[in-house]
Amino acid sequence: MRIEEEKKLDYDSVLIRPKRSELGSRKEVDLYREFSFRNAKSDANGPQYHGVPIMASNMDGVGTFEIAEALSEHGLFTCLIKSYDESDLCEFFHVDAVKHREHVAYSMGIAQHDYDKFKSVYNTEKVKLKYICVDVANGYSERFSEFIKRLRDECPDVVIIAGNVVTGEMTEELILSGADIVKVGIGPGSVCTTRIQTGVGFPQVSAVIECADAAHGLGGHVIADGGCTNPGDVSKAFAAGADFVMLGGMFAGHDEGGGEVISRYYKNGEVYKTESGWEDVIEQRKFVQFYGMSSKAANEKHFGGLKEYRSSEGREILVPYRGEILHTVQDLLGGIRSTCTYAGAKKLKWLSKCTTFVKTDQQFNTVFANQG
Ligand code: 5GP
C-alpha cells in the first residue's frame, strides 16, 4: 500500500483569483473554440470542431435528440443516450436531416451488441457519424483500450471520445490507442454513488489538471465529466485545462429531456383566512425524475433489472422542473463570460492560462442560503 501525500483538489476546494483586465464587457468574451483532433482523419483543411465546448451527458433525460437540437442551435454539444434504436439513429444522423447535427455524438458501450449496432448505423448509406462517445464506468481495463484500437482502425474518419479515467497515464494510453478526446471523471457525478459503493475516485479539479496535461502533451483533448453544480464549477473546469465540460445534473429537468413532470404539493408555512377559519397555503412544485445510468432505475429500464453480481452505483432522485433548456444555457454562458472578464481572458481558450487558483475551505456565504 502507498499513500499520495499531496492533497488533491475538487471544485469546492478552489476559487479563481480575479486579475486586472482590459475587457470592458462580458459581450467581448468569445466562448467558441476550434479544435483539430489528433487521430481522426479529416479531409477538410482547418479545424474539425468549432463550437461552445459544453456537452450534455449521455444520460436519460439529458442526452436526448430534442436536447441535442436545442443545444446545437447555441453551438453546444450533446452525447446521445445509448438506448436509441438503430432506425431512429439513422434518421437523426442522415445527411439530409433538416437540423444541423454537427455537434452530436453517437454513444456506445463495448459489449458485442453495442458494436454490432454501431457498425450497422455507421455503414448505413447516407448516414454520417462524426463523433462517437465510447463510454464505460471504468476506462482502465485492457479490453477497453483494445476496443478503442479496433474502432480507430475500422473507422479512421470518426472523432473518438473515450472514457472514463482520472489519471495521466491512462489518458495517454487511450490517446495512443486512437482516442481523440478522453473523458475524465470517476465518482464526481451528481447521481453517482461509486465513491460510496467502492471507495474509488479522484478529486475532479486535480484529475482534470493531470489528464489535460497528459493529453495536451500528445495533441489530445479532454472532457471534464461530472461534478459541476453551478456555472462557476464549469468555469473552474475550463480553467483547470478541460477542453470540454460535460454536464448531467445541470442539464436535467428540462422540457427537451422528455421526462415526466411530477407535481407535489407542500404546505409552505403560510395561512390564509376563509369564512370558516384559517387554512394552510398549499404550494405546487414540479419535478422530473433523474437517475444515474448505473442506478437500479436505469438497469430496470434498459436491461430488465440489476444483475445479481452487480451493485447499483447510481442514485435516483427528483430534480426541480426547469422548463426550456435555453434559459439554463443563457445563465450558464453568462456565468462563464463573467469568469473570463474577472480573469482577464478575452477568449475561453485563454482562461486556463489566465487562471491562478486559490485554495479555500469556504466557497460562498451561506447565511441566507435557504431564502430566495
Ligand atoms: P453530473 O454532471 O450530473 O455531476 O455528472 C454527470 C456524469 O456522471 C455523467 O456524464 C457520467 O459520467 C456520470 N454518471 C452518470 N450516471 C452515473 C451512475 O449511475 N454512476 C456513476 N458512477 N456515474 C454516473
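Whatever order the structure lists ligands and atoms in, that order sets their numbers, starting from 1. For reference, positions follow the sequence shown, starting with 1. This structure is a prediction, so every number in the text was calculated from the model and none was measured.
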More than 12 heavy atoms from other groups under 6.0 Å of OH on Tyr266: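 Result for OH/Tyr266: enclosed.
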More than 12 heavy atoms from other groups under 6.0 Å of CZ on Arg152: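 Yes, CZ of Arg152 has more than 12 neighbouring heavy atoms, counting only those of other groups under 6.0 Å.
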Amino acids contacting ligand 1, non-hydrogen cut-off under 4.0 Å: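 Contacting ligand 1 under 4.0 Å are Ser57, Met59, Asn164, Gly189, Ser190, Cys192, Thr194, Asp225, Gly226, Gly227, Met246, Leu247, Gly248, Gly249, Gly292, Met293, Ser294, Ser295, Glu313, Gly314.
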Residue pairs passing the ring-ring contact (aromatic ring centres under 6.0 Å, His included) test where at least one lies in residues 123-144, sequence neighbours excluded: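 Applying ring-ring contact (aromatic ring centres under 6.0 Å, His included) to every pair that reaches into residues 123-144, excluding sequence neighbours, yields Phe77-Tyr131.
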ring-ring contact (aromatic ring centres under 6.0 Å, His included) contacts touching residues 238-262 (sequence neighbours left out):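 Applying ring-ring contact (aromatic ring centres under 6.0 Å, His included) to every pair that reaches into residues 238-262, excluding sequence neighbours, yields Phe35-Phe244, Tyr49-Phe244.
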Partner residues of Gln363 under the side-chain hydrogen bond (donor to acceptor under 3.5 Å, both in side chains) criterion, sequence neighbours left out: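 Partners of Gln363 under the side-chain hydrogen bond (donor to acceptor under 3.5 Å, both in side chains) test: Lys236.
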Residue pair Asp96, Lys126: steps toward the salt bridge (charged side-chain N to carboxylate O under 4.0 Å, His left out) verdict: CA-CA 8 Å; Asp96 296 335; Lys126 289 197 151 188; 3.7 Å; yes
